[in-house]
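To start, the structure under review is shown below, and the notes come after it.
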Amino acid sequence: MLVLGLQGSPRKKGNTSFLLSAFMKEAERLGALTQVVEVDKQNIVPCKEYIVCEKKGFCPIDDDMTHQIYPLLRRAEIVVAATPIFFYNTTAQLKALIDRSQTLWARKYKLQLTDPGRNIRRGFMLAVGATKGKNLFEGLHLTAKYFFDAVGAQYAGSLTYRHVEHKGDMEKHPTVLADVKQAAEDLLEPLLNRKIILFAGQTDSCRSQMASAFTQFLAGDKIEALSGGQAPADKIDPKMVEVMQERKIDMAFRIPQSIEKAVSGIKPDIVVSLDQASGEALYPEAENEKWALPEPAGGQLENVPDSVERETTRIPNLTTGTERCPLPRACGSWQ
Ligand SMILES: Cc1cc2nc3c(=O)[nH]c(=O)nc-3n(C[C@H](O)[C@H](O)[C@H](O)COP(=O)(O)O)c2cc1C
């Protein structure tokens, strides 16, 4: 499970940085994979209101949002945004990132696409401010609520600290480490004991991506779904994105990865091999399965999502195996 931290302060080793790194250390201790983005160091152009995203679902600005942040926001199951209060809201650096998440808002609300991770993803806010006013975090909470909604995350809570101004103030706070420990446990624990399923393919650009997306959407609360390829492609198959989009499933911003990377530091409970050529079990200690899915030969992908979905609903012990469960409706058989 990836916990993504967005560090919104430009100050090196400042209060926000201390708070977020304490949170991420707890997340790691609990067994999560973590990644922190120093937002101030990214090339993120503020939204130019081209409005292309509302019609086409992508932003024409080519910067670190395109290549790094959108894929991370899609991959992470927990997004922790951290910021000092600047004029009663986030820093401009973090706000630029937030504004550019309009692309994900547009995919959700204008194009009516379902991001397979949206049932499970959680958002958490960390913030510090110098003054003691009652309203100090009010603007921030509103911004956070709509940001997390746009990126397909439920706003699960926050830790906010007043009267924190100079470098080192946060470290001296008497309860911060205990607060962070408790918050991280509350946030992560419901997701930590899920079964882990790996869909192993050849290039991780098509069927393994579909299978992990169906599993994530249908049973993300019980199963952590991963996908990987023996020889990962540079990018996901655009035809696969198209056929899934016809079914209103949003596969944009996914990136193929190697099997080793997909399971680094963890042991999958179930491995589903989608590669007809690979004979031996990849992880002998896991439950191993092989799915006979149609080869998407000659770019004919139209029927592949149906076959993948049918197989996904048969994952042992997790579904009744009797019901078909078309997206984007929720499926009772996964209760
Ligand atoms: C441009 C700017 C605007 C600020 N605006 C506020 C504010 O509106 N309210 C407040 O309480 N503190 C404000 N602060 C103070 C910071 O929130 C505070 O110093 C914080 O601890 C800095 O965190 P950092 O070390 O993570 O950057 C502001 C600071 C700066 C530089």
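Fair warning: this is a prediction, and the values are worked out from it, not measured in the lab. Note that these values count all heavy atoms, side chains included, but never hydrogens, waters or copies made by symmetry. For ligands, and for the atoms within them, numbers begin at 1 and follow the listed sequence.
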Short N or O distance, Arg11 and ligand 1, threshold 3.5 Å exclusive: yes
of all protein heavy atoms, closest to atom 3 (C) of ligand 1 is Phe86 CA, 3.6 Å
When clusters are formed by joining ILVMFWY residues with side-chain heavy atoms under 4.5 Å apart, either directly or through shared neighbours, do Ile78 and Val180 land in the same one? yes
What about Ala130: any of its N or O atoms under 3.5 Å from an N or O on ligand 1? yes
Exactly one candidate in Val80, Leu6, Asn15 meets side-chain contact (heavy atoms from CB on, under 4.5 Å) with Leu20; the answer is Val80
| said: Assess whether a salt bridge exists between Lys145 and Asp149, defined as any Lys/Arg side-chain N lying under 4.0 Å from an Asp/Glu carboxylate O. | reply: no
Rounded to the nearest 0.5 angstrom, the NZ-CG distance for Lys95 and Leu97 is 11.0 Å
Taking only non-hydrogen atoms of Tyr88 and a 4.0 Å limit, the atoms of ligand 1 in range are 8 (O)
Closest to atom 6 (C) of ligand 1 among protein heavy atoms sits Ile85 O, 3.2 Å
Counting only heavy atoms not in His141 (residues, nucleotides, ligands), do more than 12 fall under 6.0 Å from its NE2?
yes
Quiz prompt | Parallel, tilted or perpendicular: rings of Tyr70 and Phe253 (30°, 60°) | solution = tilted
Of all protein heavy atoms, the one nearest atom 23 (O) of ligand 1 is Pro84 CB, 3.3 Å
Rounded to the nearest 0.5 angstrom, the CE-CD distance for Met244 and Gln209 is 9.5 Å
Exercise. Leu136 to ligand 1: N or O pair under 3.5 Å?
Worked result: no
Original post:
Counting both backbone and side chain atoms, is some N or O of Phe87 under 3.5 Å from an N or O of ligand 1?
Top reply: yes
*Taking distance alone, with no angle check, do Gly129 and ligand 1 share an N/O pair under 3.5 Å?*
no
To the nearest 0.5 Å, atom CG of Leu73 lies from atom CG of Leu4 at 6.0 Å
Atoms of ligand 1 under 4.0 Å from any heavy atom of Val128, numbered from 1 in the order shown, are 17 (O), 20 (C), 21 (O), 23 (O)
Point to revise | Heteroatom proximity flag, Thr16 to ligand 1, N/O under 3.5 Å | key: yes
One finds that the ligand 1 atoms under 4.0 Å from a non-hydrogen atom of Ser9 are 24 (P), 26 (O), 27 (O)
Ranked by distance from atom 20 (C) of ligand 1, the top protein heavy atom is Val164 O, 3.5 Å
Interatomic distance, CG@Asp179 vs NE2@His173, rounded to 0.5 Å, equals 6.5 Å
For Glu165, state whether at least one heavy atom is located under 4.0 Å from any atom of ligand 1. yes
